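Here is the structure we will look at.
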Amino acid sequence: MRITQLISKTLREDPPEAETASHRLMLRAGLIHQVAAGVYAFMPLAWRSVRKIESIIREEMDAAGSQELLLPSLQPMELWEQTGRRAAFGDNLFSLEDRRGRSMVLAPTHEEVITNIARANVQSYRDLPVILYQIQTKFRDELRPRAGLVRVREFAMKDAYSFNADEESLEQSYQAMAQAYRNIYRRCSLPVLMAEADSGAIGGKDSHEFILPTPTGEDTVITCPSCGYTANAEKAVGAHAGSAKEKPKAELLPLSEVSTPGVKTIAELAEFLEIPEAQTLKAVFYSADDQLVFVTIRGDLEVNEIKLKNLLRCNELRLATDEEVTQAGLVAGSASPIGIQDIKRVADPSISSGSNFVVGANKPDTHLRNANYPRDFQVDCLSDIALAQPGDMCPHCSARLEAIRGVEVGHIFKLGTFFSETLGALFLDQNGQQHPMLMGCYGIGVGRLLAAAIEQNHDDRGIVFPTPIAPYQVQLVGLNLTDERVKEAAEQLYQELWDQGIETLYDDRTEAAAGVKLNDADLLGLPLRLVVSPRNLNNSVAEIKGRQETEAQLVALDQVVAEVQRRLSQ
RNA sequence: CGGGGCGUAGCGCAGCCCGGUAGCGCACCUGCAUGGGGUGCAGGGGGUCGUCAGUUCGAAUCUGACCGCCCCGACCA
């Protein structure tokens, strides 16, 4: 490919809207073009990378014994109502009407359709296991697209679905997919962490996320530097500092009121009374599918809304509004679990990890000292709903946990039988007994993988493409192409490289200054750069340099192709 | 949906307060020079000023409504 034939241009300056490195560099290098919020066109260079990533994914999926197929994106709404996922996805579901007024969905994922395909084609345990996959565009009307290709509304995704007769077989499929994922990341030069993850409200047992660590990531994983325990913060279990094991229970003192004028927050309360935050209990109010829930947790901890949502089995969970709280007769800032009866009460076990806590009195400007569970109040449900924090103790080895930000570049689930039961995907076992198939699903975002690869592999000059996913392997730069000798030599090299099957991008611009060309080469970041110039030509050499090397190597012109081949095969 | 910001040439921005010929940089076109890290000089093309309505002799500028985009939060199989 010749740069003079390429449609996209590079930008000299950083696009101001781009906050993350991958977004900024992809715009500057002319890889992507935004069409709407969270909707991007892939320009020719990026598309070459995407196709390489897809090839890697296909190779690993096929090697793991799964088969590719193609599924429709346009699906009837009824399918989504059958499984209840119209409500589960809510406004994230893109929907439309056809000319007859039938409601249709632009599929955000394909479990419903694939399960129906399994139902129609699998009748016997002899047909199992089977793993199917697709690489297709999916649609999700995200509240807020961001960071270029990281969170978008239309995106290519590889989704694989396994159908198994029993748990053991499901575990095998799950492990095969996990290994395929590790292979894919390795080939894309992505050092990912495999983290235990929340499996969502609908069924599911095991679930793991693959996280690429980066400070600009939108996910947080909690990890143990000692034993390697790694989990998404939504899922992670941490033993909080100052919990019961460390502190023997003090003698329970009688409840007493204390005046706390103007004190609203836990921080203010702790400061006012000169006690640690862990010596208080915090009240938080949620609306779970429009039912008010009173949550109590130790003052220094935060509520993990995912855990709470799973516990309550609700579709929509949000903080209650001030009106809802007041209407329920609660006093925000001084709310108390003591004396609450008509409201659903949920608490974290941390409320019994000490004694003689300070809580609200449900009277303005007043709190109570020496509250103790269960002496002074009861709850409907006591369950771990706390957000794990760095500094907590690892549940496996008791080392201190750390927090890492990252981008989710893959997610695998054991779905269980939710879809197969709901949609009737049944099979007969050896004994003629009918069972729902066990299912797993395994997703990887293709565009996000490209963004993650750039996020991980760049420097202050531009992208540093990993060779397997670089749009081209070599950037051939001709300096001063008005010099006929240079032009001839460069053209000849260009021809020879392609003759040897080496994907080469040739900067054949005659008018661009040397600095422009060299900077563009660094920005695009192909693995190897070849420079042909009058200076080199006088000595019958060309210059070869790896993207991350500081010194170029001089190679005799007739040895250049061999040297390129040698370097690329390393 | 809450908070903040922005829509003027392909991109980045000024002009708007104080209404009166639409401007700058990059990019693009022509010519000459230059030729190893975003080079110089000269000339040139390109804009329904987001949309609609209103005020006015006259609106990029004032008023109103709507639309879109970005950032933070909530959300995220």
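These numbers come from a predicted model, not from an experiment. Numbered from 1 within each chain, the chains take letters A, B, ... in sequence-line order.
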**OP:** Within residues 535-556 of chain A, find the residues that approach RNA chain B with a heavy atom at under 4.0 Å, and present them sorted by residue number.
**Re:** A:Arg535, A:Asn536, A:Glu543
Subject >> Contact list for RNA chain B against residues 440-450 of chain A - heavy-atom distance below 4.0 Å >> reply: none
Original post:
Are the side chain of A:Arg28 and the backbone of A:Leu11 linked by a donor-acceptor contact shorter than 3.5 Å?
Top reply: yes
Subject >> Close residues, residues 452-465 of chain A, relative to RNA chain B [heavy-atom separation under 4.0 Å] >> reply: A:Arg461
Original post:
Atom OH of A:Tyr40 and atom P of B:C70: how far apart are they, to the nearest Å?
Top reply: 6 Å
Original post:
Expressed in angstrom and rounded to an integer, what is the separation of A:Arg12 atom CZ from B:G37 atom C1'?
Top reply: 12 Å
Original post:
Roughly, in whole Å, what's the span from CD in A:Glu484 to C1' in B:G35?
Top reply: 15 Å
**OP:** For A:Glu13 and B:G12, give me the distance from atom CD to atom P, rounded to whole Å.
**Re:** 10 Å
Original post:
Can you find an N or O donor on one side and an acceptor on the other, under 3.5 Å apart, linking the side chain of A:Asn480 with the base of B:G36?
Top reply: no
Original post:
In whole Å, what is the span from the CZ atom of A:Arg509 to the C1' atom of B:C28?
Top reply: 14 Å
**OP:** Indicate, yes or no, whether a donor-acceptor pair under 3.5 Å links the base of B:G4 to the side chain of A:Arg144.
**Re:** no
Subject >> B:C11 pairs with, by Watson-Crick or G-U criteria that keep both distances under 3.5 Å >> reply: B:G25
**OP:** Using atom CG of A:Leu523 as one end and atom P of B:C26 as the other, report the distance to the nearest whole Å.
**Re:** 19 Å
Original post:
A:Glu218 near the nucleic acid: base, sugar-phosphate alone, or nothing, with a heavy-atom cut-off under 4.0 Å?
Top reply: nothing
**OP:** Take the protein atom CG of A:Leu27 and the nucleotide atom P of B:G12, then report the distance between them rounded to whole Å.
**Re:** 10 Å
**OP:** Looking at every strand, decide which applies to A:Asp520 at a 4.0 Å heavy-atom threshold: base, sugar-phosphate, or nothing.
**Re:** base
Original post:
NA contact type, A:Arg529, heavy-atom cut-off 4.0 Å: base, sugar-phosphate, or nothing?
Top reply: base
Original post:
For the atom pair NZ (A:Lys414) and CD (A:Glu171), what is the distance rounded to the nearest 0.5 Å?
Top reply: 3.5 Å
Original post:
Is A:Ser533 side chain donor-acceptor paired with the B:G35 base, going by distance under 3.5 Å alone?
Top reply: no
